[in-house]
Amino acid sequence: MKKISIAFVLICALISSTAIAQAFKEKYRPQFHFTPKANWMNDPNGMVYHNGTYHLFYQYYPDDKIWGPMHWGHATSKDMIAWKEQPIALYPDSLGYIFSGSAVVDKNNTAGFGKDALVAIFTHHDPVQEKQKTGKHETQSIAYSLDDGKTWTKYKENPVIQNPGITDFRDPKVRWFEPQKKWVLTLATKDRITFYSSPDLKSWTRESEFGANEGGHGGVWECPDLFPIKHEGKDIWVLIVNINPGGPNKGSAGQYFLGDFDGKTFTSNSKETKWLDFGTDNYAAVTFSNTGDRNILMGWMSNWQYANQVPTDPWRSANTIARELALKTVGKETYLTSVPVKELDMLNTTGFSLKNVKVKAQLDLTDKAKNKTGLFRLDFTTKNTADFSIVLANEAGNELIVGYDKAKNQYYIDRSKSGKIDFEKGFGEKHIAPRFATESNIPLTLIADVASVELFADNGLTVMTDIFFPESPMSKLSIKSVSGINVDDLKYTVLKPSME
Ligand code: FRU
């Protein structure tokens with residue numbers, strides 16, 4: 001009898017642990033960040049909202065989990081949170097691999113493919129010419145879809161922009177410029193941006209260039225974006241330029257410029273190099289098209305420093321959470337802020353709140369959190385009085401530390417003891433970010449998935465995204481402060497998985 005009941009208990013324990021493992025069928029698989037089921041992914045491409053659906057295309061190599069001949073993979077979502085992988089949208093052809101680009105809804109049928117056609121504008125990268133070193137192996141092409149992105153037809157007269165002899169000539173981002181009723185295309189051209197315009201998405205005129213002597217130049221310029229944001233009653237134009245390497249914490253990162261755009265020329269009034277995200281894992285981030293007044297950014301949650309080596313199987317890479325952009329002025333400078341889209345709330349489950357709690361040495365929240373999965377959102381406010389850290393940990397002794405250094409007025413994420421780090425020499429490091437806010441209150445939002453943490457400090461004025469690979473879920477959480485802080489407000493929410 002005793003034997004039977006022990007066996008019964010063991011079986012029950014097994015069933016409940018498989019229930020947890022169920023959500024974690026594969027080690028390190030993100031549970032609410034988009035990942036392809038298998039194989040290699042990099043940049044998000046052609047993100048567009050159309051007929052009630054968000055489309056995400058992405059750089060995809062379906063035959064291996066390392067970078068290879070690029071296709072456009074495809075996923076769709078009703079909310080930017082739960083994504084469903086779809087069949088591949090664009091395959092390489094005689095003009096080359098399908099590199100990064102954008103998609104627009106052609107509401108006025110300017111291209112003649114059909115009213116409301118989805119038109120993709122992308123780079124053709126010809127590996128044959130690349131070997132021959134013609135310097136002209138990257139050109140811009142278009143394709144259209146009349147069935148909501150399911151099937152695509154490439155334009156017969158591709159490419160639509162020939163290469164004038166610039167080795168890195170890619171990643172077109174197109175938007176409609178209403179005042180002059182024309183399309184504007186922003187292109188990364190080696191160490192600067194070149195703008196083109198077109199009445200019909202087919203014939204393009206070179207307008208101007210920007211940036212040879214501005215911003216960061218520690219690497220090649222890639223994946224740009226250009227859009228206005230209303231701020232204090234007027235339109236401020238934001239030019240995003242991704243750069244690799246040369247990021248603030250090494251490797252790939254996104255910088256941005258604020259200024260003016262008149263349909264021809266972009267003029268920047270940024271005095272310093274500004275970064276979208278100070279973590280190491282938000283690259284090729286650009287915004288969705290056709291989202292009205294909302295500017296929603298999503299990036300590739302990896303870094304070219306180690307993207308091909310991360311220890312995941314059978315896929316590589318995830319995307320960041322979608323983020324809503326806005327502008328905020330602090331003193332004489334204006335900054336882009338980003339916070340998780342409100343749709344993320346659909347993942348909220350149980351949780352708890354605390355008010356006015358003193359943290360001296362350590363406040364262990366593990367028992368209160370009752371969260372075996374390590375998927376959570378933490379919203380937390382304290383006064384800027386002392387150093388503190390938020391420590392995610394697991395049974396295996398791995399630790400991921402998110403903190404604030406008062407003397408340096410910096411935020412940081414330290415992943416040096418976060419689990420598997422040996423696949424790349426520089427992976428296990430501490431990353432730092434300046435604090436721009438001057439208010440005495442420090443509000444923080446932390447979004448944690450199985451293998452990533454996204455920090456939105458000061459309502460998105462300083463953002464850090466880092467991936468990590470813990471041996472088991474980060475089920476423990478504590479707040480630490482040697483000299484002590486007061487937690488004014490804290491809200492902890494367990495998030496549920498959104499991926500199938
Ligand atoms: C950026 C990038 C783009 C290019 C694509 C190739 O990560 O290098 O410039 O179009 O990836 O996959």
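Counting starts at 1 for both ligands and their atoms, in listed order.
If you look at F469 and F423, their ring centroids are closer than 6.0 Å. Taking the six-membered ring where the residue is Trp, the centroids of H71 and Y60 are separated by 6.0 Å or more. Aromatic ring centres of F210 and F266: separated by under 6.0 Å.
In this model, no donor atom of one side chain and acceptor atom of the other lie less than 3.5 Å apart for K84 and S77. Between the side chains of T110 and W183, at least one donor-acceptor pair of N or O atoms lies under 3.5 Å.
Contact check on K190 versus E138 returns no salt bridge, with no Lys/Arg side-chain nitrogen under 4.0 Å from an Asp/Glu carboxylate oxygen.
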Does ligand 1 have any N/O pairs with the protein under 3.5 Å, and how far apart?
from: ligand 1; atom 1: 7 (O); to: D43; atom 2: OD1; distance (Å): 2.7
from: ligand 1; atom 1: 7 (O); to: D43; atom 2: OD2; distance (Å): 3.2
from: ligand 1; atom 1: 7 (O); to: W304; atom 2: NE1; distance (Å): 2.9
from: ligand 1; atom 1: 8 (O); to: E222; atom 2: OE2; distance (Å): 3.0
from: ligand 1; atom 1: 9 (O); to: R170; atom 2: NE; distance (Å): 2.7
from: ligand 1; atom 1: 9 (O); to: D171; atom 2: OD1; distance (Å): 3.4
from: ligand 1; atom 1: 9 (O); to: D171; atom 2: OD2; distance (Å): 2.6
from: ligand 1; atom 1: 9 (O); to: E222; atom 2: OE2; distance (Å): 3.1
from: ligand 1; atom 1: 10 (O); to: S100; atom 2: N; distance (Å): 3.1
from: ligand 1; atom 1: 10 (O); to: D171; atom 2: OD1; distance (Å): 2.6
from: ligand 1; atom 1: 11 (O); to: N42; atom 2: ND2; distance (Å): 3.2
from: ligand 1; atom 1: 11 (O); to: D43; atom 2: OD2; distance (Å): 3.1
from: ligand 1; atom 1: 12 (O); to: N42; atom 2: ND2; distance (Å): 3.1
from: ligand 1; atom 1: 12 (O); to: Q59; atom 2: OE1; distance (Å): 2.7
from: ligand 1; atom 1: 12 (O); to: W67; atom 2: NE1; distance (Å): 3.0

